[in-house]
Amino acid sequence: MSDRFDSSWDAIIKPLFATEKMKGLSTFVQNERAIHQVFPPKDLVFNAFHLTPLSNVKVVILGQDPYHNDGQAHGLSFSVPKGIAIPPSLKNIYTELVSDIPGFTYPNHGDLTAWAKQGVLLLNATLTVRAHEAASHQKHGWEQFTDTIIQEISENKDHVVFILWGSYAIKKSGLIDSKKHLILTAVHPSPLSVYRGFFGCAHFSQANEFLKQHQLEQIDWQV
């Protein structure tokens, strides 16, 4: 498993894997894969940690679950591989970017790998899901794993932007030191809530302004 994330995460993730809770989670996921289709593929579960070293984390965008339809999930929150239709929430994220970031042009794909490589940790609270069954792997241990990741980033890094959309993500703000970091919250970008405060939130420009204030390289949001 350790070859699937960047070695900068070793000090945090390896001790976690050694706990009884994580051993139980690993057994659960293995059993699920034996009898069900599970997303994302095994080699992409920790894709966010592979593409974004801890040393490079500038922004954390927290999702809840991987996409649960065929071919969508590839280990990055809100992202889908090229060639897969852009999901509704990501369409709304792009719409907000067009209005928030001068010169941003609406992409023809949903692959956010370019963000991950610049230091945007695209983290889902739960890292696996049974095919076509939303939230099916919640409350089996992933939340403790990702809560620890958030806490460790908060404690060990300075001047990180945490972007929390929707009530589930916003609850995680208690894990973050708001004196050191910028916490941006809004409703979820799903079609059900997007008009209740997501459009116009300007989170992307606010994130870059915060990074600029702290002499950190800004994110090129174009993909």
Side-chain angles (χ1 to χ4, degrees), residues 1-6 9-10 12-52 60-93 109-113 115-116 120-152 164-172 175 188-194:
M1 237 183 229
S2 60
D3 60 340
R4 296 184 192 141
F5 50 84
D6 185 84
W9 292 100
D10 283 358
I12 297 172
I13 292 180
K14 284 189 172 178
L16 272 173
F17 281 162
T19 65
E20 290 305 312
K21 187 71 176 178
M22 290 302 104
K23 288 176 184 175
L25 171 64
S26 180
T27 299
F28 165 76
V29 174
Q30 287 174 26
N31 290 342
E32 283 283 287
R33 288 194 187 278
I35 53 176
H36 302 285
Q37 190 175 18
V38 171
F39 298 135
K42 193 180 296 185
D43 62 335
L44 292 176
V45 171
F46 298 102
N47 199 22
F49 302 98
H50 171 67
L51 293 171
T52 311
V60 178
I61 298 180
L62 185 66
Q64 187 165 351
D65 264 314
Y67 295 121
H68 57 83
N69 289 327
D70 295 345
Q72 291 181 308
H74 66 145
L76 303 176
S77 62
F78 295 101
S79 178
V80 293
K82 287 177 180 170
I84 300 294
I86 303 171
S89 291
L90 184 54
K91 287 182 179 179
N92 290 331
I93 290 169
H109 65 87
D111 188 349
L112 305 180
T113 297
W115 292 4
V120 181
L121 184 68
L122 295 165
L123 180 66
N124 280 315
T126 302
L127 297 188
T128 55
V129 69
R130 190 185 296 176
H132 317 300
E133 295 187 37
S136 49
H137 284 191
Q138 288 182 9
K139 299 180 181 175
H140 287 279
W142 278 128
E143 294 87 350
Q144 288 92 330
F145 175 86
T146 51
D147 281 0
T148 300
I149 296 294
I150 293 166
Q151 286 176 306
E152 292 283 347
L164 310 177
W165 295 324
S167 58
Y168 182 90
I170 290 169
K171 288 174 184 172
K172 305 294 185 180
L175 304 171
H188 196 276
S190 77
L192 295 172
S193 57
V194 71

S.K.: State which residues pass side-chain contact (heavy atoms from CB on, under 4.5 Å) with L175; sequence neighbours excluded, sorted by chain then number.
M.R.: D147, I150, Q151, K172
S.K.: Report the residues that fulfil side-chain contact (heavy atoms from CB on, under 4.5 Å) with K23, sequence neighbours left out, ordered by chain and then residue number.
M.R.: E20
S.K.: Going by side-chain hydrogen bond (donor to acceptor under 3.5 Å, both in side chains), name the residues that satisfy it together with E32, two or more places apart in sequence or in a different chain.
M.R.: R130, H137
S.K.: If the condition is side-chain hydrogen bond (donor to acceptor under 3.5 Å, both in side chains), which residues does N92 pass it with, not counting sequence neighbours?
M.R.: none
S.K.: Under a 4.5 Å cut-off applied to non-hydrogen side-chain atoms, are F49 and I12 in contact?
M.R.: no
S.K.: side-chain contact (heavy atoms from CB on, under 4.5 Å), that's the test. Do D70 and Q37 meet it? Break it down for me.
M.R.: CA-CA 10 Å; D70 295 345; Q37 190 175 18; 4.0 Å; yes
S.K.: With a 4.5 Å heavy-atom cut-off, do Q72 and F39 have their side chains touching?
M.R.: no
S.K.: According to side-chain contact (heavy atoms from CB on, under 4.5 Å), who are the partners of P41, at least two apart in sequence or on a separate chain?
M.R.: D43, L44
S.K.: How many angstroms lie between atom NZ of K21 and atom CG of L25, to the nearest 0.5 angstrom?
M.R.: 8.5 Å
S.K.: State the OG1-NE2 distance between T126 and H140, to the nearest 0.5 angstrom.
M.R.: 9.5 Å
S.K.: Can you pull the side-chain hydrogen bond (donor to acceptor under 3.5 Å, both in side chains) pairs that have at least one residue in residues 60-69, sequence neighbours excluded?
M.R.: D65-Q138, N69-H132
S.K.: The test is side-chain contact (heavy atoms from CB on, under 4.5 Å); show your working for V60 and I149 and say whether it passes.
M.R.: CA-CA 11 Å; V60 178; I149 296 294; over 6 Å; no
S.K.: For the CG atom of L76 and the OG1 atom of T52, what is their distance to the nearest 0.5 Å?
M.R.: 7.5 Å
S.K.: Residues in side-chain hydrogen bond (donor to acceptor under 3.5 Å, both in side chains) with W115, at least two apart?
M.R.: none
S.K.: Where do R33 and T128 land on the side-chain contact (heavy atoms from CB on, under 4.5 Å) test, with the steps shown first?
M.R.: CA-CA 10 Å; R33 288 194 187 278; T128 55; 4.2 Å; yes
S.K.: Taking the side chain as C-beta and beyond, is there a heavy-atom pair between V29 and V45 under 4.5 Å?
M.R.: no
S.K.: Residues two or more places apart in sequence or in another chain: which of them pass side-chain contact (heavy atoms from CB on, under 4.5 Å) with L192?
M.R.: S190
S.K.: What's the spacing between I13 CD1 and E152 CD if we round to 0.5 Å?
M.R.: 10.5 Å
S.K.: Take F78 and H188, measure what ring pair (Phe, Tyr, Trp, His ring centres under 6.0 Å) needs, and give me the verdict at the end.
M.R.: CA-CA 11 Å; F78 295 101; H188 196 276; 5.7 Å; yes
S.K.: Look up atom OG1 in T146 and atom CG in N124, then write down how far apart they are to the nearest 0.5 Å.
M.R.: 8.5 Å
S.K.: What residues, two or more places apart in sequence or in another chain, satisfy side-chain hydrogen bond (donor to acceptor under 3.5 Å, both in side chains) together with W9?
M.R.: none
S.K.: For residues F46 and F17, establish whether the separation of their ring centroids is below 6.0 Å.
M.R.: yes
S.K.: Which residue pairs pass the side-chain hydrogen bond (donor to acceptor under 3.5 Å, both in side chains) test with at least one member in residues 73-85, sequence neighbours excluded?
M.R.: H74-S79
S.K.: Kindly compute the distance separating CG (N47) from OG1 (T113), expressed to the nearest 0.5 Å.
M.R.: 6.5 Å
S.K.: Could you verify whether a donor N or O on one side chain and an acceptor N or O on the other, from S26 and Q30, lie under 3.5 Å apart?
M.R.: yes
S.K.: Report yes if some heavy atom in the side chain of I61 is under 4.5 Å from a heavy atom in the side chain of W165; otherwise report no.
M.R.: yes
